[in-house]
Amino acid sequence: MSGSEERSADAGSSRHGLPELIAERRAKALRLKQTDAESFPYAYAGTEPIAGILDSYAHLDSGEETDDHHRVAGRILARRGAGRAAFLDLVDRTAKIQLHARVDVLGEESFERLTSLDVGDLIGVDGAPLRSRRGEISLRVDAFTVLAKALRPPPDKHGGLSDVQTRYRRRELDLMSDEDARRLFADRARIVSAVRAYLDGEGFLEVETPVLQPLYGGALARPFTTHHNALERTLYLRIATELYLKRLLVGGLERVYELGKDFRNEGVSSKHNPEFTMVEFYEAYADYNDEAARLEELVRRAGRAIGYSGELDLESPWRRVSFVAAIAEATGIDLSSVREEDALRQAIAERGLQVPTDGASWPQMADDLLSKFVEPTLTQPTFVLDYPVELSPFAREHRSQPGLVERWEAFAGGMEIANAFSELIDPDVQRERFAAQQRLAAEGEEEAQPYDELFLAALEQGMPPAGGVGVGIDRLVMLLTGRDSIREVVLFPAMRD
RNA sequence: GCCCCGUUAGCUCAUCUGGUAGAGCGCCGGACUUUUAAUCCGGUGGGGCGGGUUCGAGUCCCGCACGGGGCACCA
């Protein structure tokens, strides 16, 4: 990217284009190095957050000054000259404060050095709090140190950046020019922290399992493939953590979770990034009903952590609807009485529903009906329960309804945010499910689940009955912060080169 | 992979039918000791890339790149 900028720089013959701006700023930096030995230090100790100063001096009356001493550091956002005095806005990670520079305080030389700084430069300031005649808490600059020079101009000081391409590719510019962007990623951190705090508090052990896996598994998705040179073997970036975490239950850890990146080699969209953050948690002696209660509590706490006040009702028990009933409601098709592939194909055709039926299997069509006609309508948090077995190779058969498994997916804001099972623990049934997946793979299904003998061996050691959940963190953040694109909540989303 | 839309100055945006491309902010110089989108005076900067049509292309046509939205795929 910088390459093309350099090229256009060479071609340009302008006197005040970007290359000239950079050259001017570079010359200023050089001048500072030569004339001010204190500039560009390796560290700058003793600073305090700007927000704290604003709070502490909120009581000052307009025009009231102090002789207190405070040290802050940050980036210059704006500069307003007034001859023998000047005002600068300084921003740190907590807040913005106005600096009041006066030649009678700083002396000619120092004042000149300060006012010749550029918007975007980083400085440290020793100053005395005051409230200006116009009523703004400010800092009288008694001394300052130039900490770093910005060679490139910052985004527009009022409008900021609105070009989404630049915002995603150069997130640092987005962050430095937009307080909301900074707040969003602080909120994301609080949500992740709340998730961990909840699980830690319930006795779950945070673990780390392999990202590079000899066999991928635990979800139906295409993997990224890579190669280990010394081992001379193919490895896959994980698509899920499920199988390793269940082996830990066999080992007796009983309650475990992992929060980290999964990778799926599939399309990019406003709800899909090729690498995304997932938390999976598993607990022995629990079923999918117990896990539904856990998810409700987890989301409730995440919402509280950022003071959520949107449209979603996070406090009451969420709505629960069965897979079959949800589809019947939305399409009028009762899957429990349309069990045959041809019959379902005909029912879809009769109602003129736009889902592909040519060569599609019963479970594929059923899944399509859910994602096309049900999922987009699920705005308030909702559990859809009890899926066809063919869609869920790791879920345990339903205790009372043949052909179904004990699985739910949680939806909110029209998208899936979590998926859970009463875990399949019977090694022989699991082996049959793998065999069924193998048959699908033989028919050309690219997302079929490969056999995992080590996982089967673990189940043969005896796995306790258990419930497990996977929650998409990025989507949870979208939901709680009201963003409609995953790229907004991922710092550096996947983009073309 | 397919369809639609977009790409003009460092940033945000204009530019009717093809006829020398404008503004605000920024930047450079000057004035100003309480400004806060500071103000005032002067100056400065540009058509994504590659072809084509035309006397003449930011504008019309073709291709490419990147982005946005939708579809397909997918959680």
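Being a predicted model, the structure only gives us computed values, none of them experimental. Each chain gets a letter, A, B and so on, in the order its sequence line appears, and its residues count up from 1.
No hydrogens or angles were tested; on distance alone, a donor-acceptor pair under 3.5 Å links the side chain of A:R80 to the base of B:U35. For A:S162 against B:U12, no side-chain N or O and base N or O form a donor-acceptor pair under 3.5 Å. For B:U35, its base sits under 3.5 Å from the side chain of A:Q98 at one donor and acceptor pair at least.
To the nearest angstrom, C1' of B:A72 lies 12 Å from CZ of A:R222. B:U35 atom C1' lies 13 Å from atom CZ of A:R79, rounded to whole Å. Atom CG in A:N419 sits roughly 16 Å away from atom P in B:C74 (whole-Å rounding). In this structure, A:D368 places its CG atom 13 Å from P of B:C71, rounding to the nearest Å. As a whole-Å value, the separation of A:L21 CG from B:C27 P is 9 Å.
Partner of A:Y216 under the ring-ring contact (aromatic ring centres under 6.0 Å, His included) criterion, out of A:Y236, A:F455, A:F224, A:F263: A:Y236 alone.
Between A:F394 and A:F421, the shortest heavy-atom distance links the atoms O-CD1, 3.7 Å.
Here A:Y387 and A:H398 keep their ring centres 6.0 angstrom or further from each other.
Within residues 60-78 of chain A, the residues approaching RNA chain B are A:E65, by heavy-atom distance under 4.0 Å.
When heavy atoms are screened at a 4.0 angstrom cut-off, A:F276 is found touching no nucleic acid atom at all. Residue-level contact check: A:M495 touches the backbone only, with heavy atoms under 4.0 Å from sugar-phosphate atoms and none from bases. As judged by a 4.0 angstrom heavy-atom cut-off over every strand, A:K96 is placed among residues making no nucleic acid contact. Counting any heavy atom pair closer than 4.0 Å across all strands shown, A:R487 reaches sugar-phosphate atoms only and no base atom. Across all strands shown, A:D89 has no heavy atoms under 4.0 Å from either base or sugar-phosphate atoms.
Closest to the side chain of A:K28, out of B:U34, B:C28, B:C11, is B:C28. For A:V164, counting side-chain heavy atoms from C-beta on, the closest listed nucleotide (B:G68, B:C27, B:U34) is B:G68. In this structure, the nucleotide among B:U34, B:U33, B:C27 sitting nearest to the side chain of A:D104 is B:U33.
A close approach under 4.0 Å does not occur between any side-chain nitrogen or oxygen of A:K271 and OP1 or OP2 of B:G69. In terms of phosphate contacts, A:R169 brings a side-chain nitrogen or oxygen within less than 4.0 Å of OP1 or OP2 of B:G67.
Between A:R140 and A:D67 there is a salt bridge, with a side-chain nitrogen of the basic residue lying less than 4.0 Å from a carboxylate oxygen of the acidic one. Ionic pairing of A:K28 and A:D118 is present here: one or more N-O contacts between side-chain nitrogen and carboxylate oxygen are shorter than 4.0 angstrom.
Base-pairing analysis of RNA chain B finds the following stems of at least three consecutive Watson-Crick or G-U pairs, with both pairing distances under 3.5 Å: B:1-7 with B:65-71, B:10-13 with B:22-25, B:26-31 with B:39-44, B:48-52 with B:60-64.
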All N/O contacts under 3.5 Å from nucleotides 1-6 of chain B to the protein, with atom names and distances to one decimal?
none

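A donor-acceptor pair is defined here as one N or O able to donate and one able to accept, closer than 3.5 Å; no such pair exists between the side chain of A:R25 and the backbone of A:D121.
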